[in-house]
> 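Provided herewith is a single structure, encoded as structure tokens, for subsequent inquiry.
Side chains are part of it too, since the values below use all heavy atoms of this structure and drop only hydrogens, waters and symmetry mates. Nothing fancy with the numbering, it's 1 onward along the sequence.
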Amino acid sequence: MEFGKLPSIDRVDFSLPSEPAGNAHLLSGLNGNGGEGHIYLGATGYNMKPWIGKWYPAGIRDRDMLLHYGRQFNTIEHNTTHYRVPDETMVQRWIDETPDDFRFCPKIPQRISHAHDLGLHSGLLEEFLMRMDQLQVRMGCCFIQLPPNFSASQVPALNRFLRKWPGHIPLAVEVRHSSFFQQTAAAEAYFDCLSEHKVCAVITDVAGRRDVCHMRLTAPRVMVRFVGNGLVPTDYSRINDWVDRLGYWYREGINAFYFFTHEPDNLLAPDLAVYTGETINKKIPEISCRWPEALPEPPKQGTLF
């Protein structure tokens, strides 16, 4: 992820913001945690040849990478759908090649998210939703990544889109324009809009844009895009802080979390996911979480001498 990338992170304050006052209303309506919770850990893609030998078995075919990804992770930030609407055969293959506990988080096609009317008059939204319905229980949470120039003044357009979005498919919204993270009536109207439609606000934790790590809860689910910096010490301390916050939200009544580990070129995302999963298991043992497991190293060839 290039968004928010800095040449140096030496002076970045990675502290998580304190709990926003606006979260109290949502959490108070959940009456604490009485149900089973799940933290789904994932990366941003599965076609990763550098993972072969450590996370994927040696010698696998490209077409089998999703199968092996699903054995390591139980969710994915599915960027494939950002570029085209999949056909029925492709979606069925996704279902067939992933285990029962796997959840897809498909990104809404760019032809919708970047259209001036958010695709409401193209027919593409209906086509996309038909394919997403096919996922049934494998659906985690769709998300729409709005373009960088989409500002808080355009919340009415977003509201029209959300009125068309079916309530049975969970949705998250990611915005990047700075106007959404200022203390203004327009910014508050954005979070109110998401709350009204029970849509969650994507939280992105990245070095160069600390404002997008806003911590606002607008639905009884959470989606976090965590951007590390090559497994430097602050990657781990930040994960520790995040697990503490997830534990608090879980105890207050949030039951579904989607946590995506980004690392440069995606190479070290599984390594960070391992640390994240192990930390969750230590600090929140009552919540369900599955994380990657490195494959055993092949035996070394003996020598004759």
Side-chain angles (χ1 to χ4, degrees), residues 9 12-24 26-44 55 70-77 99 101-103 105 140-141 170 172 200-207 210 212-263 266 268-294:
I9 60 170
V12 177
D13 179 3
F14 283 111
S15 302
L16 291 180
S18 57
E19 192 72 3
N23 288 359
L26 173 73
L27 295 175
S28 66
L30 299 178
N31 298 318
N33 199 288
E36 183 179 4
H38 298 271
I39 296 181
Y40 297 96
L41 290 178
T44 63
W55 308 104
R71 295 174 180 175
Q72 295 286 17
F73 295 94
N74 60 1
T75 191
I76 186 169
E77 183 181 302
D101 71 338
F102 194 90
R103 299 293 181 266
C105 291
C141 183
C200 72
V202 173
I203 303 170
T204 302
D205 188 340
V206 63
R210 299 310 295 158
V212 297
C213 191
H214 53 79
M215 310 306 279
R216 284 292 297 269
L217 301 178
T218 55
R221 72 190 69 87
V222 172
M223 181 179 286
V224 178
R225 306 178 79 212
F226 180 97
V227 185
N229 296 290
L231 301 184
V232 297
T234 53
D235 285 4
Y236 298 106
S237 60
R238 291 162 63 199
I239 289 293
N240 293 341
D241 291 342
W242 262 111
V243 173
D244 288 339
R245 187 65 63 96
L246 298 182
Y248 169 71
W249 287 340
Y250 168 70
R251 289 187 293 273
E252 291 294 307
I254 303 289
N255 283 324
F257 303 86
Y258 300 91
F259 197 98
F260 298 103
T261 54
H262 295 243
E263 285 287 349
N266 211 21
L268 299 173
D271 302 80
L272 188 62
V274 169
Y275 182 79
T276 304
E278 290 176 344
T279 305
I280 289 168
N281 191 48
K282 291 175 184 175
K283 294 190 173 187
I284 329 171
E286 64 271 32
I287 198 167
S288 173
C289 181
R290 177 161 71 83
W291 57 92
E293 182 176 351

> May I ask you to check whether over 12 heavy atoms, not counting those of E293, lie within 6.0 Å of atom CD?
no
> Can the ring centres of H38 and Y40 be said to be less than 6.0 Å apart?
yes
> Return the minimal non-hydrogen interatomic distance between I9 and A207, and the atom names on each side.
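In terms of heavy atoms, the two residues are closest at CG2-CB, 3.8 Å.
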> Which pair of non-hydrogen atoms, one from M223 and one from C141, has the smallest distance, and what is that distance?
CE-O, 3.6 Å
> Is there side-chain contact between R290 and L41, with heavy atoms separated by less than 4.5 Å?
no
> Using a 4.5 Å cut-off on heavy atoms from C-beta on, say whether the side chain of W291 contacts that of T276.
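Contact flag for T276/W291 side chains = no.
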> Can you tell if the side chain of V206 reaches within under 4.5 Å of the side chain of V212, non-hydrogen atoms only?
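With C-beta onward as the side chain, the pair touches.
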> State, with a plain yes or no, whether a side-chain heavy atom of F14 is found less than 4.5 Å away from one of R210.
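Yes; the side chains approach each other to less than 4.5 Å.
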> Compare all side-chain heavy atoms of M215 with those of L16 and state whether any distance is below 4.5 angstrom.
yes
> Is the F259 ring parallel, tilted or perpendicular to the W242 ring (thresholds 30°, 60°)?
perpendicular
> Of all the heavy-atom pairs spanning I254 and P220, show the shortest one and how long it is.
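Heavy-atom minimum between the residues: CD1-CA, 3.7 Å.
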> Quick one: are T218 and L26 in side-chain contact, heavy atoms under 4.5 Å?
no
> Kindly give the heavy-atom pair with the smallest separation between P292 and V274, and that separation in Å.
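Answer, listing the atom of P292 first, then V274: O-CG2, 3.3 Å.
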> My understanding is that only residues two or more places apart in sequence, or in another chain, count here; which of them pass salt bridge (Lys or Arg N to Asp or Glu O under 4.0 Å) with D235?
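Checked D235 against salt bridge (Lys or Arg N to Asp or Glu O under 4.0 Å); matches are R238.
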> Got a sec, which pairs hit salt bridge (charged side-chain N to carboxylate O under 4.0 Å, His left out) with one end in residues 279-289, sequence neighbours left out?
D244-K283
> Is V243 close to D241 at the side-chain level, that is, under 4.5 Å between some pair of heavy atoms?
no
> Thinking salt bridges, do R245 and E19 make one under a 4.0 Å N-O criterion?
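Result for this pair is yes, salt bridge flagged.
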> I need the minimum non-hydrogen distance between G140 and R103, along with the two atoms involved.
CA-CB, 3.7 Å
> Quick check: do V202 and F260 have side-chain heavy atoms less than 4.5 Å from each other?
no
> Do the side-chain N and O atoms of Y275 and N240 include a donor-acceptor pair separated by under 3.5 angstrom?
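Short answer, yes.
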